[in-house]
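Report on the structure given below.
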Amino acid sequence: MNMVLEVSGLTKQYDGFRAVDGLTFSLAEHTATALIGPNGSGKTTTLSMLAGLLRQSSGSIRFSGTGKDPRSAIGFLPQYPNFFPWMTATEYMELAAGLSGMGGRDVRSECEKTLGFVGLGDAGKKRIGGFSGGMKQRLGLAQAIIHRPALLLLDEPVSALDPAGRREVMEMLKELGESTTILYSTHILNDAEEMTDQLLFLRGGKLIEKGPLREVREKHGGSGYRVLFSGQEAAERFADAVPWAASADGSAVMISGETVTMEELLRFASEHPAGITDIGRTAVRLEEIFMKVVGKP
Ligand code: ADP
């Protein structure tokens, strides 16, 4: 497998405090990796170092792309991109293209094409000052991919969006993932679950778990159970009553498979049958793993 990025012992030290502490991982070509962790765990600091915006205190970052200028090999979407409100989307894209080392005659058509890809095809001549949050997020993504980077770094690319916007941007990222290596941070675990070849869990600046979703899942209980109810109230009552690790999610209750056998669950359910409509096995959700390895989000 071709590695695009190899990181070893990556550390960022502030006065007496390590924001990022000895990260070692690599990214294989055309894979998507989710960097997951609670607030303050070091996600932004890590991505900023990889993007070359922040100098590491120690450790190495080896980008084994094409030997090209890193500006042309990496695309970065910061969590809070700085836009100039008086610029039009096209002007901003042309600026981004220039900063990424692009030049020549096809810049304008590349800008148009990229704006089209992110769903801003009609907004090129409009000023960014009038853009909604979702439009700005798309524009942020557009500037990150204008130069077709080999590695795309995205800091919370969908957090600011509503569910429909998240879905659209995730679909775009999936499409990009076919030809690009992606590392993105998120605390929206459903999204990570949907698009990830590798998970990196951060806590207190340290990498406390890494691996493909399937492996991490197996390590943390593999599967669990889902009990469905006629309504949310019944689900919550059941979740409160079960003696095992359980979480209510709408009218469903998820129970970690590690702590209970099907027989025990069925026995308990027959003693507390109120509102139960279905009981089945389910794969452990990322959220449960997250709670286990990094604590509550
Ligand atoms: P995340 O993106 O996971 O929320 P960050 O990478 O932003 O986490 O921050 C990690 C930790 O580093 C936090 O505790 C934050 O307060 C601290 N931190 C970030 N930047 C600086 C800085 N310039 N000086 C000192 N501490 C910082």
Side-chain angles (χ1 to χ4, degrees), residues 5-27 31-63 70 74-83 133-134 136-137 140-141 143-144 149 151-162 165-166 169-170 173 181-211 213 216 220 285-297:
L5 184 78
E6 287 172 272
V7 172
S8 175
L10 186 65
T11 298
K12 182 68 188 178
Q13 175 97 28
Y14 291 112
D15 294 331
F17 169 74
R18 282 195 172 172
V20 171
D21 193 356
L23 305 193
T24 297
F25 63 89
S26 44
L27 306 179
T31 57
T33 297
L35 187 60
I36 300 174
N39 280 337
S41 58
K43 302 184 296 294
T44 296
T45 307
T46 300
L47 289 169
S48 302
M49 287 191 283
L50 298 181
L53 300 176
L54 188 65
R55 211 184 155 77
Q56 72 261 40
S57 308
S58 59
S60 67
I61 299 169
R62 232 184 71 216
F63 183 71
I74 295 177
F76 180 51
L77 171 61
Q79 187 171 9
Y80 305 108
N82 260 322
F83 294 112
K136 284 184 184 161
Q137 197 71 0
L141 180 60
Q143 64 76 29
L151 173 62
L152 189 53
L153 303 170
L154 309 162
D155 197 357
E156 301 272 1
V158 295
S159 305
L161 304 175
D162 62 21
R166 286 217 301 270
V169 172
M170 285 309 289
L173 293 181
T181 303
I182 299 180
L183 174 64
Y184 68 106
S185 68
T186 185
H187 62 264
I188 299 174
L189 298 167
N190 281 345
D191 296 336
E193 192 143 31
E194 200 175 305
M195 188 185 80
T196 184
D197 298 298
Q198 179 179 226
L199 296 171
L200 302 172
F201 280 99
L202 276 186
R203 185 178 59 200
K206 288 196 167 78
L207 201 52
I208 53 171
E209 185 71 82
K210 74 174 165 182
L213 178 60
V216 172
H220 292 277
R285 290 178 318 157
L286 202 47
E287 192 164 334
E288 295 167 66
I289 300 173
F290 182 84
M291 304 253 274
K292 223 191 259 180
V293 296
V294 304
K296 296 215 175 245

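One-based numbering along the sequence shown. We count ligands from 1, going down the list as the structure has it; atoms in each ligand are counted the same way. All values below come from the heavy atoms of this structure, side chains included, with hydrogens, waters and symmetry mates left out.
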*Check each protein residue for a heavy atom under 4.0 Å from ligand 1 and list those that pass, ordered by chain and number.*
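Within the 4.0 Å shell of ligand 1, which is judged on heavy atoms, sit Tyr14, Phe17, Ala19, Pro38, Asn39, Gly40, Ser41, Gly42, Lys43, Thr44, Thr45.
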Quick one: side chains of residues 50-62, donor-acceptor pairs under 3.5 Å with protein atoms, not counting sequence neighbours, listed by atom name and distance.
| from | atom 1 | to | atom 2 | distance (Å) |
| --- | --- | --- | --- | --- |
| Gln56 | NE2 | Gly59 | O | 3.1 |
| Ser57 | OG | Gln13 | N | 2.7 |
| Arg62 | NH2 | Glu6 | OE1 | 3.4 |

_I want to check something: taking the side chain as every heavy atom from C-beta on, are Thr46 and Lys12 in contact at a cut-off of under 4.5 Å?_
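The answer is no, as the side chains (C-beta and beyond) never meet within the 4.5 Å cut-off.
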*Student check: side-chain heavy atoms of Phe201 and Ile289 closer than 4.5 Å*: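 They are in contact (side-chain heavy atoms under 4.5 Å apart), so the answer is yes.
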May I ask you to decide if [Y]'s main-chain N or O and [X]'s side chain share a donor-acceptor pair within less than 3.5 Å?
X	Y	answer
Gln198	Leu183	no
Lys43	Gly37	yes
Lys210	Thr24	yes

